[in-house]
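First up is the structure itself, then whatever we jot down about it.
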Amino acid sequence: MKDYFKVDEWKIVEEGFDPHYNKVAESVFSLGNGRMGQRANFEEAYSGETLQGNYVAGVYYPDKTRVGWWKNGYPEYFAKVLNAANWIGIDVWIGNEQLDLAKGEVISFSRELNMKEGYLKRSFRAKTAGGKEVEVVATRFCSMVDDECGAIKYTITPLNFDDIITITPFIDGDIANKDSNYDEKFWDEVQKGIAEGISSVQLRTKKTGFEVLTAMKCVLFNGDTQVDYQSTPILKEKYVATEIKVDAQQGEPVTLIKYAVNLSSQNYKAEELAARATALLAAISAKGFDTMLAEQAAAWAEKWKHNDIIIEGDAKAQQGIRFNIFQLNQTYTGEDDRLNIGPKGFTGEKYGGSTYWDTEAYCVPFYLATAEQKVARNLLLYRYKQLGKAIENAKLLGFKNGAALYPMVTMDGTECHNEWEITFEEIHRNGAIAFAIYNYVRYTGNEAYLADYGLEVLIAISRFWSQRITFSEDKQQYVMLGVTGPNEYENNVNNNWYTSTIAVWCMKYTLEVIGKVKHTDPAKYDALATKIAFDEATETGRFADIIAKMYFPHDEKLGIYLQQDGYLDKEQILVKDLPKSELPLVKKWSWDRILRSIYIKQADVLQGLYFFEEDYDLDTIRRNYDFYEPRTVHESSLSPCVHAILAAKLGDVERAYQFYLRTSRLDIDDYNDDTDDGCHITSMAGTWMAIVEGFGGMRVKDDMLSFNPLLPGEWKALSFQIGFRGSLLNIRIAHDGVTVKNLSEKAITVLLNGDSQLVSGNGEVLVNV
Ligand code: BGC
């Protein structure tokens with residue numbers, strides 16, 4: 001449903017309550033702080049349609065794989081991010097009627113996500129079946145400052161009665177995942193208790209043995225005055241609550257402040273969780289809700305300083321991009337190299353909350369430019385630490401000698417995906433991991449990373465390619481058989497141009513880095529070569545031979561690269577000539593029909609031309625773009641952004657703008673009718689790329705930032721912040737000129753439309769166009 005939320009540059013606003021749209025709203029209003037997150041479920045009971053979701057980063061369950069026909073090499077399990085204890089719950093009874101917006105009457109309702117300051121506020125007036133009217137205002141947040149903590153302020157005012165209101169704040173760990181293969185519950189109770197004003201439940205995950213302690217402390221106010229209260233403890237399996245009865249008077253607000261913490265045994269010994277929770281709750285309740293909220297606003301102000309994007313003259317686009325940036329910052333903060341970015345972040349269970357190639361291909365550029373170096377570095381280290389598992393994974397499939405195949409889907413490095421055409425064949429993901437290393441070093445200039453970590457990963461990946469690629473006697477060239485490219489609408493194809501291209505690029509880059517590290521740090525190189533038993537002459541010889549003799553499918557007549565062998569044999573009916581009623585194909589066509597068609601799910605050849613644009617002239621990029629885009633259905637949310645960037649590069653601002661619009665409000669406007677089960681977090685990074693790399697034309701060239709801006713006619717101006725090697729820049733692109741402001745002390749030289757411009761510390765350069 002489009003236009004459901006109100007347009008506001010800093011907020012997402014829902015006015016009026018539509019129960020049919022509730023699950024979409026729950027996704028869109030999700031909160032998170034990198035360490036934990038949750039969907040925007042109501043605090044009080046709700047018996048209508050809802051998808052309950054509370055998540056603790058890095059806590060997962062290995063749900064035994066369920067497939068129709070088991071194949072050797074399949075992973076044992078699919079890791080699932082766990083729906084964890086619900087800490088937001090506050091049950092409310094008015095007299096003897098339970099407050100539930102699915103029952104009684106909702107007189108007014110509004111929900112607002114304040115992206116500037118990082119909180120969610122919900123206000124409503126409701127009438128119970130018995131005619132009692134109340135007003136409720138609930139504000140809550142996941143603290144960016146105390147990232148294991150959250151707080152809720154819940155105010156209820158009787159509007160037309162005096163009566164006993166029973167307020168029961170609770171923690172409920174008796175939780176199931178919607179997405180579970182065998183309808184099991186994944187948590188066991190370790191302990192629970194209520195003592196000295198603190199209620200807690202400690203749970204342990206089955207199989208993985210993560211322990212999470214969720215605890216709360218509540219404070220009550222009559223009007224503005226804090227009051228002591230009597231409560232009745234309620235303890236059930238995996239559940240604790242304190243029932244508070246308030247003699248409420250008409251027109252007098254009663255406020256409950258609920259402080260909560262989620263502590264995980266990933267970070268502390270399990271037996272220490274309870275004491276830590278007590279200390280943390282004491283600390284945050286002493287700070288108080290208002291101070292916590294003020295700190296939250298300050299933490300967000302600091303984030304926005306580094307990564308806000310301003311689109312002048314288009315409030316919808318403005319709201320869209322801020323929403324994307326907000327969600328990315330809620331999902332990953334880069335504090336912990338064991339954590340990563342699930343395609344749905346903390347907004348839903350789909351995709352298991354696991355790590356995909358999305359991180360390297362789409363998210364790394366965002367964090368590189370908008371956060372401290374350590375954030376992107378931690379994303380890289382996540383893969384470095386999982387190298388052993390990637391080597392094991394390749395070994396299971398028959399590869400040897402330290403060849404690594406990173407998983408398509410993972411939590412801890414083990415492959416989780418269980419469709420053979422993806423698990424075994426969508427191996428291009430290995431290339432994205434190598435490309436992220438290249439991207440990181442290119443952006444930060446931190447070459448030491450290569451000797452310390454990067455080269456080891458690169459050699460292991462290149463070893464994999466050199467074994468996966470085989471020699472065709474017929475062609476007298478190397479070929480790569482049986483793969484799935486980024487276009488998952490075709491499987492088991494031979495010589496997917498993108499996969500072969502990135503594989504060869506990996507080997508070239510590995511050779512280059514070997515040369516570099518040998519030169520700059522011979523001792524580290526020797527130590528690494530010994531550690532991994534690297535037979536340099538033979539192995540690099542094979543890499544070089546493959547590089548020289550790789551086969552890449554192309555068509556002379558059309559002057560394009562072929563997505564794979566045989567692509568042109570297919571019936572060539574363009575997407576525009578398909579009846580609209582047949583789209584999206586994934587919902588309307590049989591899988592068999594999709595596989596045999598020309599239709600492309602997401603950028604494939606074009607993904608390669610985007611990554612390696614410097615190796616191709618503009619005409620080649622244009623010919624391929626003009627050929628493939630009309631055959632692309634963009635049924636992955638990762639697709640439009642790459643097309644937006646390429647369209648901008650080709651100077652087609654109108655097409656770039658159209659693609660941009662499809663990404664930026666994808667979830668706010670629920671374009672694909674699928675936001676109910678979570679937001680498309682990783683594609684939000686693609687939206688950022690479409691702005692900065694597309695309209696800003698930003699690239700790194702020869703250790704410098706380079707901009708070739710192109711502004712959509714619909715916008716008055718566009719500006720964004722970029723951090724680069726110690727400088728913080730604000731780039732403002734207007735129709736008559738581009739301004740580069742240096743917000744830091746450190747002078748920097750940038751390229752603007754190819755000309756170099758020195759921007760002194762705190763200085764500014766204006767170039768008319
Ligand atoms: C896309 C993949 C992506 C995955 C998770 C799929 O629909 O085709 O490229 O990695 O979603 O976002």
Side-chain angles (χ1 to χ4, degrees), residues 27 78-81 179 324 327-328 331-332 340-366 379 383 405-411 415-433 435-436 483-493 496 498-499 502 563 583-587 591 594-595 599-608 610-611 628 631-643 662-663 666-667 671-675 677-689:
S27 302
F78 194 107
K80 303 263 163 77
V81 63
D179 171 23
N324 288 268
Q327 288 293 359
L328 285 165
T331 308
Y332 186 74
N340 211 285
I341 306 156
K344 297 269 159 188
F346 295 121
T347 70
E349 295 169 15
K350 200 170 165 199
Y351 295 110
S354 302
T355 308
Y356 286 66
W357 73 301
D358 305 27
T359 293
E360 285 75 18
Y362 296 87
C363 301
V364 162
F366 168 78
L379 288 173
R383 297 290 196 178
L405 175 59
Y406 277 94
M408 185 66 191
V409 177
T410 195
M411 277 288 181
E415 175 64 85
C416 290
H417 204 286
N418 55 23
E419 289 170 66
W420 64 268
E421 54 276 40
I422 308 257
T423 313
F424 307 147
E425 297 205 330
E426 205 176 335
I427 50 181
H428 67 80
R429 69 229 185 200
N430 242 13
I433 288 160
F435 189 77
V483 300
T484 297
N487 169 32
E488 292 175 344
Y489 285 0
E490 275 195 78
N491 310 135
N492 204 33
V493 301
N496 169 259
Y498 172 74
T499 309
I502 203 161
Q563 188 172 272
L583 296 169
L585 295 183
V586 73
K587 290 194 178 154
W591 191 238
I594 291 177
L595 290 176
Y599 304 114
I600 305 170
K601 182 182 181 191
Q602 66 202 88
D604 193 300
V605 167
L606 298 184
Q607 181 76 35
Y610 160 66
F611 273 163
Y628 285 109
R631 290 162 171 79
T632 305
V633 285
H634 305 288
E635 288 182 12
S636 159
S637 63
L638 299 176
S639 188
C641 59
V642 174
H643 289 82
R662 286 171 78 156
T663 73
L666 182 72
D667 290 312
Y671 263 137
N672 291 349
D673 266 339
D674 63 354
T675 301
D677 56 20
C679 295
H680 301 79
I681 299 295
T682 48
S683 86
M684 293 182 178
T687 307
W688 177 91
M689 283 166 31

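Counting starts at 1 for both ligands and their atoms, following the listed order. We're numbering straight along the sequence, starting at 1.
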What do you reckon, does Glu488 have a nitrogen or oxygen under 3.5 Å from a nitrogen or oxygen of ligand 1?
-> yes
Can an N or O of Trp357 be found at a distance shorter than 3.5 Å from an N or O of ligand 1?
-> yes
Atoms of ligand 1 close to Pro343 [distance to a heavy atom under 4.0 angstrom, numbered from 1] | 5 (C), 12 (O)
What atoms of ligand 1 come closer than 4.0 angstrom to any heavy atom of Leu638?
-> 3 (C), 9 (O)
Any idea which protein heavy atom is nearest atom 6 (C) of ligand 1, and the distance to it?
-> Lys601 NZ, 3.5 Å
Identify the residue among Pro343, Ser637, Cys641, Ser639 that makes a side-chain contact (heavy atoms from CB on, under 4.5 Å) with Ser683.
-> Ser637
Between the main-chain N or O of Asp677 and the side-chain N or O of Lys350, is there a donor-acceptor pair closer than 3.5 Å?
-> no
shortest atom 4 (C) of ligand 1-to-protein heavy-atom contact is with Tyr356 CD2, 3.8 Å
Can you check whether Asn492's main-chain N or O pairs, donor with acceptor, with Glu425's side chain at less than 3.5 Å?
-> yes
Going by distance only, is there an N or O of Gln602 that falls short of 3.5 Å from an N or O of ligand 1?
-> yes
Under 3.5 Å, side chain of Tyr628 to main-chain N/O of Gln563, donor-acceptor pair present?
-> yes
Donor-acceptor pair, Thr499 side chain versus Gly485 backbone, under 3.5 Å?
-> no
Judged by heavy atoms only, the candidate from Thr682, Asp358, Asn487 nearest atom 3 (C) of ligand 1 is Asp358
Under the 3.5 angstrom rule, does the side chain of Thr663 hit a backbone N or O of Pro640 as a donor-acceptor pair?
-> no
